[in-house]
**Q** 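Please see the structure below; I have some questions.
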Amino acid sequence: MRFRFCGDLDCPDWVLAEISILSKITSVKMKQLCVQVIRDLVDDSIDYEKVFKLTADAKYESSDVRAAVATLSFIISSAAKYSVDSETLNSELQQLGLPKELSSALCRAYGDQHTKLQEALKKKSLRLSRLSSVDWRVDYVLSSSEVSKIDEIGRAVQ
């Protein structure tokens, strides 16, 4: 099945595997966790101490917490990358098996920061340097003691 938040491709297997881990937390904590992930995507700062507190009642291990953050980061950044609206993302996450309350909480956090996320991701994307100026000239040789045939145009681009 193809999903818009994955660029109209199949969802990666590792994301499908992590959906069950995400299903263990409450919707309130899901929204707070998404806020932390969005902050990481926008400002490059995530408070892992707060993330560990949010996931403590779900009895996540350290690897589970990192997997949950990576999964949410992938989902949110991909949705922003492909300009997926909240309703579509909500529907697609439910199709993947994320409970309705959790997908709604994720989409609320995503919808609140959608434009800010897209701007931050645009700034982080690979950009080639832009052409600042071009100088050019055409030289036409009228006569030369070196060359017998003169119908040659010289070009110089800087």
Side-chain angles (χ1 to χ4, degrees), residues 1-136 155-158:
M1 194 170 203
R2 300 187 185 282
F3 296 94
R4 285 201 49 218
F5 82 94
C6 293
D8 287 326
L9 297 172
D10 289 336
C11 186
D13 292 337
W14 68 271
V15 173
L16 295 173
E18 300 305 327
I19 292 289
S20 63
I21 289 176
L22 290 175
S23 299
K24 294 179 183 177
I25 60 176
T26 65
S27 61
V28 173
K29 293 196 177 183
M30 171 64 91
K31 185 168 192 239
Q32 293 173 343
L33 187 58
C34 288
V35 167
Q36 289 297 316
V37 169
I38 290 170
R39 186 206 275 159
D40 182 41
L41 291 170
V42 172
D43 301 332
D44 289 329
S45 64
I46 188 167
D47 185 0
Y48 271 105
E49 185 176 311
K50 192 169 188 177
V51 170
F52 280 110
K53 284 180 185 176
L54 288 171
T55 56
D57 65 336
K59 297 182 178 143
Y60 281 180
E61 294 178 19
S62 176
S63 62
D64 292 337
V65 172
R66 286 184 176 76
V69 168
T71 304
L72 289 173
S73 180
F74 174 79
I75 291 169
I76 292 169
S77 64
S78 294
K81 176 181 178 181
Y82 295 111
S83 297
V84 178
D85 61 289
S86 296
E87 296 80 29
T88 304
L89 182 61
N90 191 358
S91 170
E92 290 182 350
L93 291 174
Q94 287 179 38
Q95 290 174 23
L96 290 175
L98 193 65
K100 183 177 183 177
E101 304 81 31
L102 297 180
S103 61
S104 295
L106 188 154
C107 290
R108 274 192 307 259
Y110 167 73
D112 293 344
Q113 300 293 325
H114 182 247
T115 54
K116 194 174 180 180
L117 267 167
Q118 284 187 323
E119 289 172 12
L121 291 174
K122 281 180 187 176
K123 287 179 184 175
K124 291 180 183 180
S125 68
L126 174 65
R127 298 270 185 214
L128 298 176
S129 60
R130 296 201 169 137
L131 186 63
S132 58
S133 69
V134 174
D135 262 348
W136 63 276
R155 294 174 298 270
V157 177
Q158 298 174 346

**Q** To check you understand the geometry: which heavy-atom pair defines the closest contact between Leu54 and Leu33, and what is its length?
**A** CD1-N, 3.7 Å
**Q** For the pair Arg4 and Asp85, evaluate salt bridge (Lys or Arg N to Asp or Glu O under 4.0 Å) and give the outcome as yes or no after the intermediate values.
**A** CA-CA 10 Å; Arg4 285 201 49 218; Asp85 61 289; 3.8 Å; yes
**Q** Distance check, rounded to the nearest 0.5 Å: Asp64 atom CG versus Lys59 atom NZ?
**A** 13.5 Å
**Q** Grab the two heavy atoms, one from Cys11 and one from Cys6, that are nearest each other, plus how far apart they are.
**A** CA-SG, 3.8 Å
**Q** Check Pro12 against Phe74 and note the closest heavy-atom contact, atom names and distance.
**A**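 Between these two residues, the closest heavy atoms are CG-CZ, 3.7 Å.
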**Q** Rounded to the nearest 0.5 Å, what separation is found between the CG atom of Leu98 and the OG1 atom of Thr71?
**A**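 It comes to 10.5 Å.
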**Q** Is it true that Ser62 and Arg66 share a donor-acceptor pair across their side chains at a distance under 3.5 Å?
**A** yes
**Q** Might you point out which heavy atoms bring Ile25 and Leu102 nearest each other, and give the distance in Å?
**A**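 Smallest heavy-atom distance, with atoms named: O-CD2, 3.2 Å.
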**Q** Look at the side chain of Ser23 and the backbone N and O of Ile19, then say whether any donor-acceptor pair between them is shorter than 3.5 Å.
**A**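 At least one qualifying donor-acceptor pair exists.
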**Q** Please report the shortest heavy-atom distance between Glu101 and Ser27, naming the atom on each side.
**A**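 Between these two residues, the closest heavy atoms are O-CB, 3.7 Å.
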**Q** Could you check whether any side-chain N or O of Ser103 sits under 3.5 Å from a backbone N or O of Lys100, counting only pairs where one atom can act as donor and the other as acceptor?
**A**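 Confirmed, Ser103 side chain pairs with Lys100 backbone.
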**Q** Does a donor on one side chain sit under 3.5 Å from an acceptor on the other, for Gln36 and Asp40?
**A** no
**Q** Between NZ of Lys116 and CZ of Arg39, what distance do you get to the nearest 0.5 Å?
**A** 10.0 Å
**Q** Side chain of Ser125, backbone of Lys122: donor and acceptor closer than 3.5 Å?
**A** yes
**Q** Taking the side chain as C-beta and beyond, is there a heavy-atom pair between Phe5 and Leu96 under 4.5 Å?
**A** yes
**Q** Without swapping roles, check the side chain of Lys50 against the backbone of Gln32 for a donor-acceptor pair under 3.5 Å.
**A**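 No: the side chain of Lys50 does not pair with the backbone of Gln32.
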**Q** Once rounded to the nearest 0.5 Å, what's the spacing between atom CZ of Arg2 and atom CG of Asp10?
**A** 5.5 Å
**Q** Would you list the pairs meeting ring-ring contact (aromatic ring centres under 6.0 Å, His included) in which at least one residue belongs to residues 84-117, sequence neighbours left out?
**A**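 Listed once each, the pairs are Tyr110-His114.
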**Q** Can you tell me how far the CG atom of Leu121 sits from the CD atom of Glu119, to the nearest 0.5 Å?
**A**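 Result: 10.5 Å between the selected atoms.
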**Q** Atom NZ of Lys53 and atom OG1 of Thr55: how far apart are they, to the nearest 0.5 Å?
**A** 11.5 Å
**Q** Set out, in order, the CA-CA distance, both residues' side-chain angles and the distance that settles side-chain contact (heavy atoms from CB on, under 4.5 Å) for Tyr82 and Asp8, then state yes or no.
**A** CA-CA 9 Å; Tyr82 295 111; Asp8 287 326; over 6 Å; no
**Q** Please name the pair of heavy atoms, one in Leu89 and one in Val84, separated by the smallest distance, quoted to 0.1 Å.
**A**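 Of all heavy-atom pairs spanning Leu89 and Val84, the closest is N-CG1, 3.8 Å.
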**Q** Kindly check if the number of other-residue, nucleotide or ligand heavy atoms within 6.0 Å of CG (Asp43) is above 12?
**A** yes
**Q** Under the 3.5 angstrom rule, does the side chain of Glu18 hit a backbone N or O of Ala68 as a donor-acceptor pair?
**A** no
